[in-house]
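Each chain gets a letter, A, B and so on, in the order its sequence line appears, and its residues count up from 1.
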Amino acid sequence: MKITFPHMGNIYIAGKAFLEALGQEVIPPPRCSRRTLELGIKHSPETICLPLKIMIGNFIESIEKGADTILLVGSCGPCRFGFYSILEEGILRDLGYDVEFIVYEPIGEGINKLKENVFKTLNITNIGEVLKAARLGWRLIHKADQITELANETRAYAKDSSRVDLIINNYHRKVEQVFGEEEMMDLMDKTINSLNKVERKKNYEPIRIGLIGEIYTLIEPFVNFDIERRLGHMGVLVEKSLTPTIWLDHHVLKFPFGSRNEKEKHRLARPYLKTLVGGHGRETVGAAIGYEKRGFDGAIQLLPLNCMPEIVAKPILNRINRDLEFPIMTLILDEMTGEAGFITRLEAFVDLLNRRREEDSVV
Amino acid sequence: MKDKVGIPRGMFYYDYYILWENFFNNLGVEIVLSPETNKDILDKGVHACVDEACLPVKVFHGHVDYLKDRVDYIFIPKFISVYRREYCCPKHLGLPDMVRHSMKGLPELIKPKVDLKKSNRDMKRAIIHTGKYFNKSAGAAIKAFNKAQNRFQRYMESIRQGAMPIHGIKYDEYNPSQILLLGHSYNIYDRYINMGIVDKLRANDAGVITVEMLDTHTMRKHTSGLSKRIFWTHGQRIVGGAFALMDEGLIDGIIYISSFGCGMDSVLMELTERRAKKLGIPFTILTIDEQTGEAGINTRIEAFLDMLKWRSKDEDNLPTHGEYIHSR
Ligand code: SF4
Ligand code: SF4
């Protein structure tokens with residue numbers, strides 16, 4: 001069994017080390033590229049949302065490298081994501097690829113099936129080992145996220161922000177060479193060390209922007225034109241409202257109650273939206289209010305074209321923008337989005353936030 | 001003075017209006033229904049609603065706009081789930097929220113939450129909630145609803161006999177070709193946004209079937225073979241209905257009407273088209289949005305019907321039987 005999974009930001013780093021530590025053979029998905037996207041567009045239904053298209057590209061590229069098993073997380077509504085597995089399976093079968101799909105469906109769909117799938121993919125035989133594996137996975141994801149965050153912070157404060165890119169590029173290169181948990185942790189610690197050594201500006205108060213919106217677009221730099229890095233180089237401190245760590249904490253670790261962080265977003269969203277709307281629509285609304293309360297300068301919503309929950313969130317964000325005088329910009333992403341226009345809008349937004357600060361300091 | 005409740009003629013109006021109408025009538029509440037969609041309503045909707053939304057949601061905003069100065073309340077239920085373990089589209093889940101945050105000067109919205117995901121009991125809460133606006137006791141509200149429900153069941157029965165929802169036109173018994181008109185109720189039955197496609201098909205001697213005419217049990221049975229249960233109730237109806245009619249060989253072709261950017265359709269079209277391809281049943285998609293022109297739609301329909309005619313003429317001497325003819 002040669003396992004692969006969709007490429008989503010830094011998840012492949014933790015996923016690779018995790019599965020290797022459990023004795024599985026892993027084909028980590030190659031990082032997303034123009035080719036990934038083109039393969040995806042060619043073979044996916046035209047009207048499906050962007051994440052599925054990229055995943056199809058990921059799978060084809062992994063299969064080319066020898067993968068025969070695809071690991072996925074499922075869902076049962078209300079959003080389209082729940083149908084990804086059935087559509088993807090159909091597409092790959094039509095292309096003549098004989099791969100096995102293993103989908104971790106929510107517990108509500110039947111605990112036995114889930115157990116069977118977990119045991120099979122993780123190469124383990126009892127619940128005790130599951131817990132051990134889960135702790136390991138958690139440590140890895142957590143640390144991978146920590147690096148992403150530290151890199152973002154360092155970029156904003158760095159005297160020379162290009163140093164951060166050098167360190168991160170080096171880290172990504174080495175990820176592919178190391179094997180298993182220990183070597184990965186070691187590499188991660190070294191990376192953290194180097195990031196901490198980057199020289200920072202003194203007495204600098206960066207503009208702070210919260211990134212909100214659909215989870216895949218938030219996490220995967222290829223689809224969001226590397227928004228975190230770009231803002232970092234503009235001296236902006238960015239925070240993402242959703243990361244793999246936040247997702248795992250809410251859906252797995254604190255199951256079935258949910259994490260404090262996400263419940264707080266629901267609480268904040270209440271005056272504007274009281275119920276779920278699928279995907280992370282409600283969390284997007286709550287996160288926007290949260291960033292306003294924490295004194296951020298603004299927020300950016302990432303919306304993959306035609307994403308249903310984020311479209312529901314959009315008029316609500318417009319309203320929050322008016323009510324709280326909190327700048328929120330929506331960026332729509334799809335395969336046709338041009339990079340140049342995207343960057344122009346980012347720069348204009350940062351300019352706006354800078355001007356607002358100056359005006360405030362005059363008053 | 002009697003309170004007036006506005007009901008926008010959009011979205012689930014096409015599914016549940018008869019139920020709502022009877023319910024409010026039984027409560028002694030006066031209803032104001034917005035007129036059939038027209039250019040003005042569409043324009044107002046497009047203006048009020050966020051650009052990214054699908055056509056039916058925009059049209060719905062237009063109907064709300066029409067009603068807002070004419071009534072004391074507007075009725076926009078929040079449809080989360082109408083069936084155990086299933087959901088409605090995220091935009092139905094957020095419909096009252098989208099409306100209330102996009103539009104100014106609205107009267108009070110009555111927006112009972114309908115969430116039958118866990119059990120049918122939640123319906124009661126929604127009924128009592130609505131009754132309270134008109135000072136009705138829980139008992140009175142429930143009684144009014146049950147009576148309306150009975151009436152609604154009879155109406156559903158007549159649809160299964162082949163009557164078209166809302167307009168109540170019976171479909172013709174015999175026709176050279178039977179077309180399954182597939183898609184969301186508000187795309188199929190709103191004659192303005194689909195440019196009267198039902199009449200157009202009939203004028204061309206085609207019979208029209210819609211999935212609302214089938215019974216739920218049959219539809220559910222036909223999707224049970226999929227590796228994933230269809231957790232959208234209205235999607236289940238579309239896929240299940242199409243599968244049932246295709247599997248039983250009751251239709252000659254399928255026209256899927258989809259609003260541009262509909263997230264649910266991207267999945268449903270793929271599932272139904274895949275099956276149609278396999279069975280060699282002609283399948284075509286008409287995408288509608290606020291810019292769709294009537295001429296284009298006419299051409300597409302005529303071409304599709306011509307293809308069907310040509311196909312049936314050649315049926316007897318078709319070289320490879322069941323050869324796949326696909327138009328898109
Ligand atoms: S949340 Fe948006 S991007 Fe994700 S599956 Fe749903 S519609 Fe697609
Ligand atoms: S099902 Fe499609 S058409 Fe209906 S509200 Fe949802 S996205 Fe719009």
* Structure fact -> Distance col, row R282(A):CZ vs D97(B):CG, nearest 0.5 angstrom, shows 10.5 Å

* **Engaged part of S44(A) at the chain B interface, taking heavy atoms whose separation is under 4.5 Å** => neither

* Asked: Checking E310(A) against chain B: side chain, backbone, both or neither under 4.5 Å from a heavy atom?
  -> neither

* Below 4.5 Å from any heavy atom of chain B, which atoms of I91(A) appear? Answer side chain, backbone, both or neither. => both

* **L271(B) and L87(A): CA distance, side-chain angles, deciding distance, side chain to side chain contact (heavy atoms under 4.5 Å, CB included) verdict** => CA-CA 8 Å; L271(B) 295 176; L87(A) 297 182; 4.1 Å; yes

* Where do S75(A) and K228(B) come nearest, in terms of heavy atoms and distance? -> O-NZ, 2.8 Å

* **R93(A), CZ atom: more than 12 neighbouring heavy atoms under 6.0 Å** => yes

* Rounded to the nearest 0.5 Å, what's the gap from CG on D51(B) to OG1 on T330(A)? Could you check? => 11.0 Å

* How many angstroms lie between atom CD1 of I86(A) and atom CZ of R274(B), to the nearest 0.5 angstrom? -> 9.0 Å

* **Distance-only side-chain donor-acceptor flag, T275(A) / K78(B), under 3.5 Å** => yes

* Asked: Within a reach of under 6.0 Å around NZ of K293(A), are more than 12 heavy atoms found that belong to other residues, nucleotides or ligands?
  -> no

* To do: Against chain B, label Y272(A) side chain, backbone, both or neither, depending on which of its atoms sit under 4.5 Å from a heavy atom there.
  => both

* Asked: Checking heavy atoms, do the side chain of R229(B), its backbone, both or neither come under 4.5 Å from chain A?
  -> both

* **Rounded distance [0.5 Å steps], CG in N318(A) versus OG in S102(B)** => 7.5 Å

* **Heavy-atom pair of closest approach, residues P78(A) and C88(B)** => CB-O, 4.0 Å

* To do: Report the distance from atom CG of L276(A) to atom CG of D115(B), rounding to the nearest 0.5 Å.
  => 8.0 Å

* Which of G278(A), P45(A), G279(A), G108(A) touches chain B most, by non-hydrogen pairs under 4.5 Å -> P45(A)

* **Contacting moiety of I80(B), where chain A heavy atoms sit under 4.5 Å** => side chain

* Asked: Just wondering, more than 12 heavy atoms not from F225(A) lying within 6.0 Å of its CZ?
  -> yes

* Asked: Can you name the nearest heavy-atom pair linking M308(A) to C89(B), along with the distance?
  -> SD-SG, 3.7 Å

* Heavy-atom count around K115(A) NZ within 6.0 Å, excluding the residue itself: above 12? -> no

* **Whether over 12 other heavy atoms sit under 6.0 Å from Y104(A) OH** => yes

* Against chain B, work out which of G82(A), A313(A), P309(A) has the most heavy-atom pairs shorter than 4.5 Å and name it. => G82(A)

* Between atom CD1 of I320(A) and atom NE2 of H101(B), what is the distance when rounded to the nearest 0.5 Å? -> 7.5 Å

* Heavy-atom closest pair, residues G94(B) and V312(A) -> CA-CG1, 3.8 Å

* For S227(B) against E89(A), the heavy-atom pair lying closest together -> OG-OE1, 4.3 Å

* To do: Look at the rings of F83(A) and W232(B) and say which category their plane angle falls in: under 30° parallel, 30 to 60° tilted, over 60° perpendicular.
  => tilted

* Structure fact -> So, the part of R322(A) with a heavy atom under 4.5 Å from chain B: the answer is side chain

* To do: Select one option (side chain, backbone, both, neither) describing which atoms of D323(A) are under 4.5 Å from chain B's heavy atoms.
  => neither

* What closest approach, in Å, do R80(A) and G263(B) show between heavy atoms, and which atom pair accounts for it? -> CD-O, 3.2 Å

* Side-chain contact, heavy-atom cut-off 4.5 Å: I48(A) with E270(B)? -> no

* Apply the side-chain contact (heavy atoms from CB on, under 4.5 Å) test between M98(B) and each candidate in I311(A), I316(A), V277(A), L273(A); give the one that qualifies. => I311(A)

* Structure fact -> The interface call for E52(B) against chain A, heavy-atom contacts under 4.5 Å, is both

* Structure fact -> Scored by heavy-atom pairs under 4.5 Å with chain A, the best of K113(B), R100(B), E86(B) is R100(B)

* Given that the side chain runs from C-beta out, which part of Y87(B) has a heavy atom under 4.5 Å from chain A: side chain, backbone, both or neither? -> side chain

